[in-house]
Amino acid sequence: MRENPAWSAPIAIFIGDKFEFNMLEFRPMRWSRLFIPTLREIPAEAEVPSHQWLLRAGYVRQLSAGIYSYLFLAQRSLLKIQQIVRQEMNAIGGQEMYLPALNPAEVWQESGRWDVMGDNLFRLKDRFGRDLCLAMTHEEVMTTIARGELRSYKQLPQIWYQIQTKFRDEPRPKSGLLRVRQFLMKDSYTFDMDQAGLDTAYDKHYQAYCRIFERCGLQYTVVEAHSGAMGGSQSHEFMVASDAGEDFVAICKSCGYSANLEKATAVPSEPGSRDPEGDLTPEEFHTPGRKTIAEVAQFTGLPETSQMKSLVLVAGGKPVLAMLRGDHQLSETKFAARVGDAAFRQAQADEIREWFGAEAGSLGPVGVANMTILADQALAGRRNMIAGANRNDYHLRHVTLGEDFQAEICDLRQVAAGDACGQCGAPLEVVKTVEIGHIFKLGYKYSEAMGLRVLNAEGKEVTPIMGSYGIGIERILCCAIELFHDKDGMMLPGAIAPFLVVVTPANNGDPAQKEAAERIYSECLALGLDALLDDRDERLGVKFKDADLIGVPFRITVGKKLAGGMVELTERRTKASTDVAVADAARAVAARVA
RNA sequence: CGGGCUGUGGCGAAGCCUGGUAUCGCGCUUGCUUGGGGUGCAAGAGGUCCCGAGUUCAAAUCUCGGCAGCCCGACCA
């Protein structure tokens, strides 16, 4: 097949006052010659919609748990996503690089993360026995480059980024491409002289991320987030609501407050009954066989809010007693942050017996002297509550924080749906989401640990401040599918669909239809539309089903109306068709996406 | 790492309990047919029944041990 030279050259497209090379060359795409292995049935291993459709539509194939091959369609879609990311990153002054995925242990040891990352870091040895790892993120390498090359404040600020494969040895890969061991990430890193500079870089990323996800056609929310093992002061996550997600976020529809549940705060509900007044003394009472909060509530006739929940945890090798209101849940993230040990664990039964002289179910804070006691702030100001007596089958009434026991008051509680928004008081909703982007103000953690210094205007050595920012490329595709699918397949946004329009002759054996379809197809290409010609010798039903399945946003059907000079333009999402003149077909699609 | 489920042509499944010819649908190949929503007919190709050991005259099937995948939990920048 001869190629029209006009189609085979890379297309340069202008974005604002800059231009980019389109990664996708426009060359003839004839379905009969393409590898698009669609399936009629859903492979048994796929449960979440995005996974099912990616397999059925011939986008991906699994190689192993959490390891996928991206076939032609997926790669095309992912390249378009990457191009959008690239354009928006360039637009804020980002400079694209490409760093090694294979890292020597030394840089990770310098930052301290060689030990912190544990089994999630893929580790290997080279032939000389030297330790290496496959990078799961690139703060270390970026900081190494900055340390080696940045000398002066005049070189700052810098925004460096890459789009690159990341490796994480997930304990449990799942949900198709949503949780995998090898994936693509756009990660960027900023270096600034001071906090104000970091704030600016952070804000630029915030805005760029919004533009990226909007251009990708996603419905998303930005939430305050916990910084986790990355370290740092401030962080936001970009989330897409989906049942396939694993993160929960609290959202206030009234004032717009939103935060990851790991971080969210809220006003707890009022206690179910008023506390007894007065400076009462703790008093033991018999609670035979009543171990749980619910059992004690039923036994005493008082609501769960009248009780204190005592949780015994081991952090940093030492026991910690965490106190919460009876109906509240411990936020493990908040607790871990408070005690500075992400690897804390629950105490074992024999430890509890040794430390408290009683079994779990009868534990309380009164008289406990040999360990740190943390109390959630919801207990502050409460009086005369019920807690375990540290004697099996006994509880205490009239226990008051600050009088009958001392504790450090802090935020330990995980927010629950229905709690009052801390800003406006409206009830919070809790939504399941997928994280597609995350931005961090890192502060000096890496620059300090790895010795990055530049001279300031006074000629003094100072440590630049850093930020890091990530986008999960495949997750954008997954979320688009999760958000936009129906019983027939994907309904991808035009910006990230592998093709924008498919031209389908109803009967490719009909010379008139074939010729008209070819012409319309050429006109689409000439207009810069990413078009696909379904020239297969298949029945129309098959072609329609496949086009719906792979999610092409528009379809031009050349069929029996051709006799009247008309073809059909059908929108995938609505299945709505309009008749357009043959000569106007390509322009009609262009008009829809303009 | 704990708990559960599943491994049978490319995909989806039956057969396993009660051992004895590997079965069905889809897909694939060829021919005819049909031609506006996965046409119809016919003839074909394609399988180490996840792997290994054991029991048995005989193992997809029973026993033991592995491996892999999925789901729940733990974990998760």
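Residue numbering restarts at 1 for every chain, and letters A, B, ... go by the order of the sequence lines.
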What nucleotide, of [options], holds the atom closest to the side chain of [X]?
X: Arg539(A); options: G35(B), G36(B), G38(B); result: G35(B)
X: Asp546(A); options: G36(B), G69(B), G38(B); result: G38(B)
X: Pro171(A); options: G37(B), G69(B), C75(B); result: C75(B)
X: Glu47(A); options: G38(B), C70(B), C11(B); result: C70(B)
X: Phe544(A); options: U39(B), G37(B), G69(B); result: G37(B)
X: Ala65(A); options: G12(B), C70(B), G38(B); result: C70(B)
X: Gln62(A); options: C11(B), G36(B), C70(B); result: C70(B)

Between Glu262(A) and Ala46(A), which residue's closest nucleotide on RNA chain B lies nearer the 5′ terminus? Ala46(A)
Can you name the nearest heavy-atom pair linking His485(A) to Ile481(A), along with the distance? ND1-O, 2.8 Å
Polar side-chain contact [X]-[N] base: donor and acceptor under 3.5 Å:
X: Arg56(A); N: G38(B); value: yes
X: Asn507(A); N: G36(B); value: no
X: Glu41(A); N: G25(B); value: yes

Hey, is the main chain of Leu99(A) close enough, under 3.5 Å, to the side chain of Gln164(A) for a donor-acceptor pair? yes
Measure from the side-chain N and O atoms of Ser447(A) to the backbone N and O of Leu452(A), and report whether any donor-acceptor pair falls under 3.5 Å. no
What is the distance, to the nearest angstrom, from the [atom1] atom on [X] to the [atom2] atom on [N]?
X: Glu170(A); N: C72(B); atom1: CD; atom2: P; answer: 14 Å
X: Gln513(A); N: G36(B); atom1: CD; atom2: C1'; answer: 10 Å
X: Ile42(A); N: G12(B); atom1: CD1; atom2: P; answer: 10 Å
X: Arg40(A); N: G37(B); atom1: CZ; atom2: P; answer: 14 Å
X: Glu45(A); N: C50(B); atom1: CD; atom2: P; answer: 16 Å
X: Arg536(A); N: G36(B); atom1: CZ; atom2: C1'; answer: 15 Å
X: Asp537(A); N: C32(B); atom1: CG; atom2: P; answer: 12 Å
X: His226(A); N: C75(B); atom1: NE2; atom2: P; answer: 13 Å

Pair partner, A42(B) [Watson-Crick or wobble, under 3.5 Å]: U30(B)
Under 3.5 Å for both donor-acceptor distances, Watson-Crick or wobble: does C67(B) have a partner, and if so which one? G7(B)
Let's go through Asp327(A) and Lys309(A) carefully: what are the C-alpha distance in whole Å and the side-chain angles of both, what is the deciding distance for salt bridge (Lys or Arg N to Asp or Glu O under 4.0 Å) to 0.1 Å, and is it a yes or a no? CA-CA 8 Å; Asp327(A) 60 317; Lys309(A) 179 184 284 187; over 6 Å; no
Under 4.0 angstrom, heavy atoms only, what part of the nucleic acid is Glu568(A) near: base, sugar-phosphate, or nothing? base
For Ser175(A), which contact category applies under a 4.0 Å heavy-atom criterion: base, sugar-phosphate, or nothing? sugar-phosphate
If you measure from the P atom in G37(B) to the same atom in C71(B), how many Å do you get, rounded? 37 Å
For U23(B) versus G15(B), give the span between their P atoms, rounded off to a whole number of Å. 16 Å
Is it the case that more than 12 heavy atoms not belonging to Gln346(A) sit under 6.0 Å from its CD atom? no
Quick check on C72(B): is either OP1 or OP2 less than 4.0 Å from any side-chain nitrogen or oxygen of Lys174(A)? yes
